[in-house]
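Report on the following structure.
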There are 2 protein chains.
Amino acid sequence: MEKRATIKDVAEAAGVGVATVSRVLSGGSASSHTRERVLAVAAQLDYRPSALGRNLRQRRTGGMGLLVPDLTDTFYGQLAEGVLACARSAGEPVMLGSTGGDPEQEAELIGMLLEQSVDRLIAVPSGDAETWAPAIRAGMTVVFADRLPAQPDHEEDPAAAAAHDLLLLDGLSPAPQSRPMDVPAVVADDRAGIRTAVRYLRGLGHKRIAFLGGPGQDRRVAAFGEAVGAPVDEELVVFGTGSRDSAYAAASGLFQSRPDLSAVVAGGNVLGEAAVLAARELDLRVPRDVSLVMYDDVPWAELCSPPLTVIAQPGRDMGYRAAELVLRAGTRRPRSVVLPTELIIRGSCGPRR
Amino acid sequence: MEKRATIKDVAEAAGVGVATVSRVLSGGSASSHTRERVLAVAAQLDYRPSALGRNLRQRRTGGMGLLVPDLTDTFYGQLAEGVLACARSAGEPVMLGSTGGDPEQEAELIGMLLEQSVDRLIAVPSGDAETWAPAIRAGMTVVFADRLPAQPDHEEDPAAAAAHDLLLLDGLSPAPQSRPMDVPAVVADDRAGIRTAVRYLRGLGHKRIAFLGGPGQDRRVAAFGEAVGAPVDEELVVFGTGSRDSAYAAASGLFQSRPDLSAVVAGGNVLGEAAVLAARELDLRVPRDVSLVMYDDVPWAELCSPPLTVIAQPGRDMGYRAAELVLRAGTRRPRSVVLPTELIIRGSCGPRR
DNA sequence: CTTCTCCATGGAAACGATTCCATCATGGTT
DNA sequence: AACCATGATGGAATCGTTTCCATGGAGAAG
């Protein structure tokens with residue numbers, strides 16, 4: 001356990017002041033003679049500036065925070081890989097937290113990041129605007145990914161709020177000042193994704209299409225309502241809470257209470273997994289008895305039998321773009337990004353029986 | 001963007017010295033009167049000590065680093081969740097890096113963590129002992145998870161080194177000083193896991209059993225050799241490099257070059273996935289034409305058709321235990337942990353045709 | 001030759017915590 | 001009454017960096 005060389009050691013060994021060393025190493029002005037000398041000595045001593053001193057001086061920890069609900073959800077794994085790839089190429093560290101979809105844990109993790117003076121954060125939010133207020137107030141640069149926080153003020157009508165979000169992300173902000181948080185986001189084009197899927201199912205003759213949603217999927221639910229057209233049969237829209245168990249319970253309940261449905265759109269890969277399992281348990285054949293479209297293209301979608309038809313969204317890109325946004329913030333005013341989805345037709349949808 | 005209160009603000013507002021505030025907050029001695037007063041003022045100012053100052057003073061960043069090869073591999077997602085759960089309950093931050101299984105990137109990430117003065121690290125190593133030397137030398141507390149780094153000194157006979165590792169992890173260290181790195185590890189009982197799987201396949205009548213391995217799986221390969229007994233048919237042991245493509249290529253090549261094999265053990269879930277895909281592509285029916293056992297129990301193993309028989313290893317526990325070890329280090333001399341595996345029989349194995 | 005400008009340079013102050021050490025008060029013992 | 005032990009307390013040093021500012025020298029312009 002040898003102690004590392006400090007800037008002072010380098011300065012002494014090179015016969016210059018610490019200020020000069022700092023300048024040379026961070027690209028300030030210096031004569032080519034001293035520059036060479038300092039660089040040589042630094043290399044010789046294997047000097048690497050300590051982030052500790054720098055962080056304290058600049059009153060901020062470099063790098064970025066990343067908050068996701070659950071890393072065993074393959075989609076969030078992809079998203080995290082994207083963030084890490086961007087961070088790595090920028091040489092920035094990433095502080096990771098997993099919220100379990102719980103706003104309270106999310107708030108706690110935000111608090112910890114604040115304590116660490118991490119001032120850049122990428123999050124798949126679980127809490128509402130109130131949960132996020134402390135971070136914003138503290139001056140954190142936040143970028144949301146995959147979804148937006150719920151609006152507590154709209155709580156009497158979440159559907160309206162989600163529709164609002166859809167508009168907002170189209171760049172058609174209907175009432176700019178009505179959304180207090182001005183936080184950029186990187187999300188998939190849920191409206192188009194869902195619409196394409198619903199149209200596809202309609203084309204196969206399906207009339208009773210259900211939506212199996214998870215927490216934070218208000219935008220997808222709204223898009224679904226829009227795609228199937230009013231009036232939406234409320235019973236055909238059910239929700240899990242985020243855990244695999246509750247997703248299974250929701251799927252199973254749906255199949256049992258509405259044997260008349262002929263197609264299901266699952267709002268995420270965990271929900272899709274639950275739907276496959278529940279269908280099998282109830283002896284429903286896919287796609288003969290029920291057609292299934294799942295959000296998220298994950299490697300195992302192809303392994304199912306039949307292989308699952310999915311709405312693919314670019315998880316890795318989403319993470320990468322979010323990381324870019326959060327790093328560029330300050331240089332450029334970050335603008336929200338909507339990434340395209342793609343319907344990948346495999347074998348889990350068939351004509352209505 | 002309001003600036004946070006510092007310890008100085010609290011001290012002034014409470015009419016005491018900064019030293020006293022620090023003591024009160026970190027559990028030092030203080031009269032109950034001042035203690036109350038300081039706590040009241042701190043709460044009132046919403047004071048939270050900045051990790052920056054503390055880190056610099058203690059010359060170490062709190063929390064821990066976590067290095068995994070790939071977060072889209074569900075097993076590493078589980079492992080990461082375990083680490084995060086432990087860290088969260090300890091209130092410690094986690095710095096994450098994804099190495100892509102590349103020793104060079106791993107070395108780079110280690111360098112970055114060193115720069116951040118992170119002195120506790122959990123890693124699924126990709127590089128060899130040489131890659132890890134800098135971290136050890138710098139006095140980092142390292143705990144390996146899932147596997148151990150390769151030994152470059154044994155390079156003439158990796159099998160012997162892996163067998164050595166197997167012994168070592170049994171607690172039967174054959175020559176204690178022969179392993180220079182004394183780094184604790186949390187791994188699955190690969191030997192038992194593989195042996196159980198091979199016995200199971202033997203019991204079904206299989207004679208030609210292949211092993212589909214990935215990088216860093218020397219211990220599993222050695223265990224496989226041990227389980228099938230010498231002489232091992234070298235052609236029946238093939239490797240992918242870690243990417244899904246190369247895993248697929250390895251699996252496909254194996255099936256084509258050795259149509260006589262009747263069973264495959266895949267050393268990880270990505271390899272299992274590749275085996276299923278390759279078998280399907282070559283019109284090999286599972287389990288009629290070929291039986292398959294996969295390492296890692298992942299949620300989608302049940303979704304396959306047939307559902308996959310797996311060697312389950314407790315990924316989440318592995319991460320949790322590793323985090324515990326790395327946090328307790330210093331208090332207790334950490335000892336390696338071997339976690340049990342379980343053969344979960346589903347439908348991907350059948351009698352030899 | 002003088003003066004002005006510009007650049008390289010180094011000393012020193014910050015940043016916010018912990019911790020050493022000296023001081024002081026209190027209370028008990030001889 | 002003098003002395004000592006104990007415990008609370010605050011000032012100041014410290015960690016390693018960046019950055020402000022003053023200084024000094026060299027070159028250009030007058």
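Below, chains carry the letters A, B, ... as their sequence lines are ordered, and counting in each starts from 1. No hydrogens, no waters, no symmetry mates; every other heavy atom, side chains included, goes into these values.
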query: Which nucleotides of nucleotides 16-22 of chain C have their base under 4.0 Å from a protein heavy atom (B), which only their sugar-phosphate (S), and which neither (-), written as one string 5' to 3'?
result: BBBB---
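Residues satisfying the side chain to side chain contact (heavy atoms under 4.5 Å, CB included) test with B:Thr34, not counting sequence neighbours, are B:Val16, B:Ala30, B:Ser31. Judged as a side chain to side chain contact (heavy atoms under 4.5 Å, CB included), and not counting sequence neighbours, the contacts of B:Glu324 are B:Cys86, B:Tyr320, B:Arg321, B:Arg328.
Of all heavy-atom pairs spanning A:Val38 and A:Leu25, the tightest one is CG1-CD1, 4.2 Å.
A 4.5 Å side-chain heavy-atom check between A:Arg23 and A:Thr20 finds at least one atom pair inside the cut-off. Residues A:Pro184 and A:Arg335 have side chains not in contact (no heavy-atom distance under 4.5 Å, counting atoms from C-beta outward). Between B:Val142 and B:Ile136 the shortest side-chain heavy-atom distance falls below 4.5 Å.
In this structure, the helix from C:dC1-D:dG30 to C:dT30-D:dA1 shows an angle of 60° between the axis at its start and the axis at its end, each fitted on 5 base pairs and rounded to 10°.
Of the N and O atoms on the side chains of B:Thr72 and A:Glu81, not one donor lies less than 3.5 Å from an acceptor on the other residue.
Regarding A:Asn55, its CG atom lies at a distance of 14 Å from the P atom of D:dG16, rounded to whole Å.
With respect to A:Arg120 and A:Glu92, a salt bridge is recorded, a charged nitrogen being found less than 4.0 Å from a carboxylate O.
Note: A:Arg54 CZ to A:Ile7 CD1 = 9.5 Å, rounded to the nearest 0.5 Å.
Applying the salt bridge (charged side-chain N to carboxylate O under 4.0 Å, His left out) test to residues at least two apart or on different chains, the pairs with a partner in residues 55-67 of chain A are A:Arg60-A:Asp119.
Residues from residues 30-39 of chain B lying near DNA chain C, meaning a heavy-atom separation below 4.0 Å, are absent.
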